[in-house]
2 protein chains.
Amino acid sequence: MVSIKDVARSAGVSPQTVSNYLNNPGIVKASTRSLVAAAIDELGYTPNASARRLRTQRSNTIAIGIAPVSYSRVYDRFLHAIATEADAHNLRIILYKTDSKSDEIRQFESLTAGGDVDSFVLADTVHNDPRIPWLIEHKQAFVLFGRPWGESNMNDPTVPWVDVDGYAGIALMTQKLILTGHKRIGFIGWPGTSGTGDDRKAGWRDTLLAAKMASEQQLDALCVDALDDIAAGHAACLTLLERQPDLDAIVCVSDTLAAGAVMSLTASPTHNITVTGFDNTVSSQSFGFPTIDQPLTACAQEIVRIIQQQLDGAASHAQCSAVPAQTSAPVTHDASFHGAATVSPHSATTAAKSDSRHVLLTPALIWR
Amino acid sequence: MVSIKDVARSAGVSPQTVSNYLNNPGIVKASTRSLVAAAIDELGYTPNASARRLRTQRSNTIAIGIAPVSYSRVYDRFLHAIATEADAHNLRIILYKTDSKSDEIRQFESLTAGGDVDSFVLADTVHNDPRIPWLIEHKQAFVLFGRPWGESNMNDPTVPWVDVDGYAGIALMTQKLILTGHKRIGFIGWPGTSGTGDDRKAGWRDTLLAAKMASEQQLDALCVDALDDIAAGHAACLTLLERQPDLDAIVCVSDTLAAGAVMSLTASPTHNITVTGFDNTVSSQSFGFPTIDQPLTACAQEIVRIIQQQLDGAASHAQCSAVPAQTSAPVTHDASFHGAATVSPHSATTAAKSDSRHVLLTPALIWR
DNA sequence: CTGTTAGCGCATTCAA
DNA sequence: TTGAATGCGCTAACAG
């Protein structure tokens, strides 16, 4: 292994000059600089990451979990986006397994203990997520990919999050359907009360109500719940059609359900019904139904930006523990917020300029 | 941050004793041991990973890539399996992005340079994979998940690999179809010459020939190629049926293609045709077609076992660079090998006992 | 069995 | 601008 000393000897300078060259090139004379550069190049020197981390007490590493079965169909794309963004910022990514929320907390313990994680990226956030209080209590930096659905955390600047605005995405899709002449628009959603699922469903509901395409009473008959698999989508579509034979469009909460719905319609081609999905998976491309594309690259950029802020903050001042209560846009479930969603960045380009700790990104409509 | 010194002071012993307690508890007197244990517990001490790595010159870290679009539908499951196995062995996982083979080699450079990767896990192996010579040349340890399809590497003990025996899996499936009375069995495969695709197809072909269910000449008419998406599977199925109206079963190289085939058959329910897939994805579960389940956990175990061997070997003797040319079973494409496949482990349990550097695991048939 | 000494590779004081 | 010391936290040799 070639160290900073070898470079120094080869360049005829002291080790510290080499260190300066690496960390603060400005203070090194230009001629010396090229001397050092040549030596580094010749010996193929690279700084030892462990030594640097030991010395600086910073790992420049972010940790992210992988569940036994990905909670989202696009998780691999998200991982790639995060890895790309981290790469650009000279951050490393540690991947750890999460079999459950409590298992994940156990992972926190071992990872934070060794001191080689600076910040965690948490996916699959749930109501009253137990991971959040743990991390706060142990003063561990983190960023959520997904909103903390518990009310109290949503606006808390000490709980940073980046999420895709499923409400806006589904609303866009529903509007598009209305504007292309669809009169009777149903919805296939997820059962239970997942924050994500409810949010998307609300986008459909509010759009129909606003356009006076359905009354509050009619809404219930226009939607049905199904587990996230093709067979369930198939069945849900049949149920919906039986109940509402005059349907001319079905908005689905996911591509998987949409694929099932499309299949059930292909079998009985008497109907002419538009089906739409969510996630822009290969199913949507194959079947050719419209869908919604999550801006995963932008999400990754925002997440890494926030992490970078955390790192910089920790480096500059230790007394900065009380984060200046950044008055971010209020985030709630009601339509008033979503009407005012223009406060948060709407595209990757505008988002990059934000320095908020709560970022809601609007996904793109893919019309086929 | 609490260090080994604090523990030593609190326990009333020297720092070295604490270190011994951690790394070699056997040589510490029992009474001292409990003293140290108490101090560690009280102070909540955990060793600093960077310091340890700097001192021992070993990172206990394995690196694995993530592509923009996963080359396999089960890659997230594989990542979880690897993460779980690494966790059990106290190894960390670094995730890096790979946009192409050459991009991946660039990642190798930066990761190896910092000295915080001990071994790489390489997926998506291709014919004459450029990554392999690079790693060998730079003396970087690695394990392939997938065979090195270039002939020369396949038996080379310095190129360790773990793979799933797609040939055996498809052969099992085809045999099962024959034994359940199917007489005319087609195949939908991938175009081009991917090692994996060819291997699976050979399993179907050889089984039909061995059972004299088709002649060499007939085989061409019984199979068709399709890109790995649902629409292509749909189309391929129609093509096949037009050519061979008496088909009673179709073996597909993937669940995705199988889903497409099933759909095209649902549309015209005159046929009674069994369709089978590969990968045990949610599609297979939803549609209820038989499939083949990759033993990903076992793969991860074997991969980590080999990595552990590499680490142990490097620790014990530096002169061990010339690996004892372990005469592993010859691995080729012809049927003779596959007939003798019992040499390689056939299940997770038997595999665990192996110490070979070339492991071929037989997947499980899921009959529905 | 335990303590002392030394140094892994680097970056941050300071002095020159 | 550059060089000489110091120590981050830990472990591998030894000595006691």
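Quick note: numbers below take in every heavy atom, side chains included, and nothing from hydrogens, waters or symmetry partners. In what follows, chains are A, B, ... by sequence order, proteins preceding strands, each numbered from 1.
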What nitrogen or oxygen pairs link the protein and nucleotides 13-16 of chain C at under 3.5 Å?
none

- Query: Do B/Thr98 and B/Ile66 have side chains that get closer than 4.5 Å, going by heavy atoms?
  - Reply: no

- What closest approach, in Å, do A/Gly146 and A/Thr125 show between heavy atoms, and which atom pair accounts for it? C-OG1, 3.5 Å

- Show your reasoning for whether side-chain hydrogen bond (donor to acceptor under 3.5 Å, both in side chains) applies to A/His80 and B/Asp99. CA-CA 9 Å; A/His80 178 265; B/Asp99 291 342; 2.7 Å; yes

- More than 12 non-hydrogen atoms from neighbouring residues, nucleotides or ligands closer than 6.0 Å to NZ on B/Lys101, yes or no? yes

- Message: I want to confirm an ordering. Mapping A/Val13 and B/Ser3 to their closest nucleotides on DNA chain D, which one lands closer to the 5' end?
- Response: A/Val13

- Task: For A/Ser119 and A/Gln310, test the side chains for any donor-to-acceptor distance below 3.5 angstrom and give the result as yes or no.
- Result: yes

- Of B/Ser14 and B/Gln57, the one whose nearest nucleotide on DNA chain C sits closer to the 5' end is B/Ser14

- Query: How about B/Asn60 and B/His89: does a side-chain donor come under 3.5 Å of a side-chain acceptor?
  - Reply: no

- Task: Can you sort out which residues in residues 45-55 of chain A have a heavy atom within less than 4.0 Å of DNA chain D? Ascending by number, please.
- Result: A/Leu54, A/Arg55

- Checking all strands, does A/Thr17 fall into the base, sugar-phosphate, or nothing category for heavy-atom contacts under 4.0 angstrom? sugar-phosphate

- Item | Test item: B/Thr17 side-chain N/O and B/Val13 main-chain N/O as donor-acceptor pair under 3.5 Å | no

- Message: Can a donor-acceptor pair be found, under 3.5 Å and without considering hydrogens, that links the side chain of B/Ser10 to the backbone of B/Asp6?
- Response: no

- Say whether, by atom type as modelled, one donor and one acceptor occur between the side chain of B/Ser100 and the main chain of B/Asp103 under 3.5 angstrom. yes

- Note on the structure: Minimal heavy-atom distance between B/Ala51 and A/Leu54, with the atoms involved, is CB-CD1, 3.7 Å

- Side-chain contact test, heavy atoms from C-beta onward, threshold under 4.5 Å: evaluate it for B/Val28 versus B/Val36 and give yes or no. no

- How would you give the extent of chain B contacts on DNA chain D, as first and last nucleotide 5' to 3' within a 4.0 Å heavy-atom cut-off? D/dG9 to D/dA13

- Within the side chain of A/Thr61, is there an N or O that forms a donor-acceptor pair under 3.5 Å with the backbone of A/Ser59? yes

- Whole angstrom is fine here: how far is it from CG in A/Leu22 over to P in C/dA11? 6 Å

- Message: Please give me every residue in residues 106-119 of chain B whose heavy atoms get under 4.0 Å of an atom in DNA chain C, ordered by residue number.
- Response: none

- Item | Heavy-atom check, side chain of B/Val159 versus side chain of B/Phe142, under 4.5 Å | yes

- Which heavy-atom pair separates A/Tyr45 from A/Ser3 by the least distance, and what is that distance? CE1-C, 3.6 Å

- Task: Give the stems involving DNA chain D, where a stem is 3 or more consecutive Watson-Crick or G-U wobble pairs (i with j, i+1 with j-1, and so on) under 3.5 Å.
- Result: C:3-14 with D:3-14

- Message: Counting only heavy atoms and a strict 4.0 angstrom limit, can you tell me which residues of residues 32-44 of chain A come near DNA chain D?
- Response: A/Thr32

- Sub-6.0 Å ring centroid separation between A/Trp161 and A/Phe145: no

- Item | Distance-only donor-acceptor check, side chains B/Gln16 and B/Asn20, under 3.5 Å | yes

- Item | Ionic contact status for B/Asp116 with B/Arg92, cut-off 4.0 Å | no

- Message: Whether the side chain of A/Asn23 engages the backbone of A/Ser19 through a donor-acceptor N/O pair (distance < 3.5 Å, no angle test) should be reported.
- Response: yes

